[in-house]
Number of protein chains: 2
Amino acid sequence: MSKTTEDVLGHQFSAFYKIPIEKFFQFAVSVDCIILGYHENNVKLLVVERGTEPHKGKVAVPGDLVYPAEDMDAAANRVLKDLTGLENVYMTQSKAYGQVDRHPIGRVVTVGFYSLISVDRYQPLASSWADNVYWVDVKELPPLAFDHQTIVQNALEDLKERVKLQPIGFELLPKKFTLGEMQKLYEAILDTEFDKANFRKKVLSMKILEDTSEMQKSVAHRPAKLYRFNKEAYRALENTKEGFNL
Amino acid sequence: MSKTTEDVLGHQFSAFYKIPIEKFFQFAVSVDCIILGYHENNVKLLVVERGTEPHKGKVAVPGDLVYPAEDMDAAANRVLKDLTGLENVYMTQSKAYGQVDRHPIGRVVTVGFYSLISVDRYQPLASSWADNVYWVDVKELPPLAFDHQTIVQNALEDLKERVKLQPIGFELLPKKFTLGEMQKLYEAILDTEFDKANFRKKVLSMKILEDTSEMQKSVAHRPAKLYRFNKEAYRALENTKEGFNL
DNA sequence: ACAAAAGTGTTATCGCTACACCCATGT
DNA sequence: ACATGGGTGTAGCGATAACACTTTTGT
């Protein structure tokens, strides 16, 4: 005789608790990767053009079903790696989506992850589908397949909050960057403007930037100092009551 | 012939893309409800004692498998309602957990939700398992079944951040409360102390509290004014650049 | 009278805002 | 010479922290 939820779970909350346990193991789980980059003062999203139905021709966020013997986080990292070749990239979970009818092929619960990649680390892969992958500006998103519009919006909201409290913005910058570039990045993410003098003072007062003794070159204005994010200094800051605060 | 992931998804990221689609629909999805209350200056967690293996005798956070035709959010609300009788309660998603081996009965991805309930709304249900449900202090958590320890910790971290930016603390208070009670609540959640004078000034300056013209009664000290959270006033505050801020 | 918590006022300080100004480079 | 962005100083304002003090109740 088949086990029921009551047998297995040891408790039950619904009137239908005598349902055979097998009925519940009919879900698929997918991960969707909101891969964000930063280029020319704009935050970019990596999208894939769909080659087949449903939503053929539309673009979607890269994602895949989680394998039966694969950790969910691993699946997200796999998708990212297969697409960009990148590993050990900042990635964090955003939200799970579990509407019954959200996917046409069946009951698929998806979990959104977003990762931040530095443009100078990313080399487009020469894979069979390189033609179908491209960056779009998050300020001008095209229509996306499935519920990806919502997933992306939520991830961007998440990012806006998190970027103020954790030093994740640096993931989007080259290793060496100027304060001006950093400011433009934060302005792009948060969709605001900062006073230059005040922004620098705030950032420098956190003492998490290290002065590389290098300068910008060949720019049509006074060259800026290049800084580097100092992880150790950040650890120290974390343990103060101020902490990182945009 | 059976469809494969390639047929269905329109793209593929792994070397194993010719796997029949059925292989992926073997997951179960569950919801776990971190139900938090507040009593006598302490934040409390509702736990259920498990009657069967695995983890028989241990306490766990209430949860259940999501039904094949049920929205995930609906499942979380169902668990809460069946357990407490409460509906329309503040509930928000915390995080999804997708480790392969996290559950002994099979591949179960779980999503943690937390809800905040006011002790004066909650009436324990006279159900068959009322004996097995009780509140524990979050400062003195007993060992929990499965990975519930982690799930609860993460939810509490989440709460700490969110409670500073959104007026969700009021969900844990009675409809009418004193500023002292409110202060104690925030101190309990955030595990800090506030200066009484400064706390009141900050809270009152937000103008989201309404003075009921009532007072505390039968207390062995000067009776305090009773306030009520004013949702409309909060909406107004939301649209200012200050907004709600602890 | 005393304890206990409510409730108020003051001061000093810190951080943030706004804005003015100078500097170095390429064209 | 000029445009462009880098880089700095300061004055004023507002929020916050620290602390002292008064008020009202029950015992």
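Bear in mind the structure is a predicted one, so any value in this text is a computation, not a measurement. We name chains A, B, ... by the order of the sequence lines, and we start the count at 1 in each one.
With sequence neighbours left out, the side chain to side chain donor-acceptor pair (under 3.5 Å) criterion links Ser115(B) to no other residue. When the side-chain contact (heavy atoms from CB on, under 4.5 Å) test is applied to Lys202(B), the partners found at least two apart in sequence or on another chain are Leu246(B).
Within the nucleic acid shown, Lys201(B) comes within 4.0 Å of at least one base atom, counting heavy atoms only.
Listed by residue number, Gly180(A) are the residues of residues 162-182 of chain A with a heavy-atom contact under 4.0 Å to DNA chain D. Within residues 205-221 of chain A, the residues having any heavy atom under 4.0 Å from DNA chain D are, by residue number, Ala220(A), His221(A). Of the residues in residues 186-198 of chain B, those with a non-hydrogen atom less than 4.0 angstrom from any atom of DNA chain C are Lys196(B), Ala197(B).
Side-chain atoms of Arg162(A) and Thr92(A) form a donor-acceptor pair, as typed in the model, at a separation below 3.5 Å. In this model, no donor atom of one side chain and acceptor atom of the other lie less than 3.5 Å apart for Tyr114(B) and Gln93(B). Between the side chains of Asn154(B) and Ser94(B), not a single donor N or O lies within less than 3.5 Å of an accepting N or O. No hydrogens or angles considered: a donor-acceptor pair under 3.5 Å links the side chains of Glu187(B) and Gln183(B).
One atom, CG of Leu204(B), and another, P of dT16(D), lie 14 Å apart when rounded to the nearest Å. Note: CD (Glu242(A)) to P (dT16(D)) measures 14 Å, nearest angstrom. The distance from atom CZ of Phe199(B) to atom P of dA18(D) is 16 Å, rounded to the nearest whole Å.
The shortest non-hydrogen separation linking Gly57(A) to Glu49(A) is O-CG, 3.6 Å. The two residues Ile35(A) and Trp135(A) have their closest heavy-atom pair at O-CZ3, 3.7 Å.
Two residues, Arg222(A) and Lys202(B), neighbour DNA chain D, and the one matched to the more 5' nucleotide by heavy-atom proximity is Arg222(A).
You can see that DNA chain C meets the heavy atoms of chain A within a 4.0 Å-exclusive cut from dC16(C) to dG26(C), reading 5' to 3'.
Ring planes of Tyr186(B) and Phe199(B): tilted class, angle from 30 to 60°. By the 30° and 60° cut-offs, the orientation of the rings of Phe146(A) relative to His55(A) is perpendicular.
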Walk me through it: do Phe113(A) and Val111(A) pass the test side-chain contact (heavy atoms from CB on, under 4.5 Å)? CA-CA 7 Å; Phe113(A) 288 80; Val111(A) 180; 3.6 Å; yes

Candidate pair Phe170(B) and Phe177(B), rule ring pair (Phe, Tyr, Trp, His ring centres under 6.0 Å), full reasoning: CA-CA 9 Å; Phe170(B) 303 110; Phe177(B) 53 87; 5.6 Å; yes

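Contact annotation: the side chain of Glu171(A) never approaches that of Ile117(A) to less than 4.5 Å [non-hydrogen atoms, C-beta and beyond].
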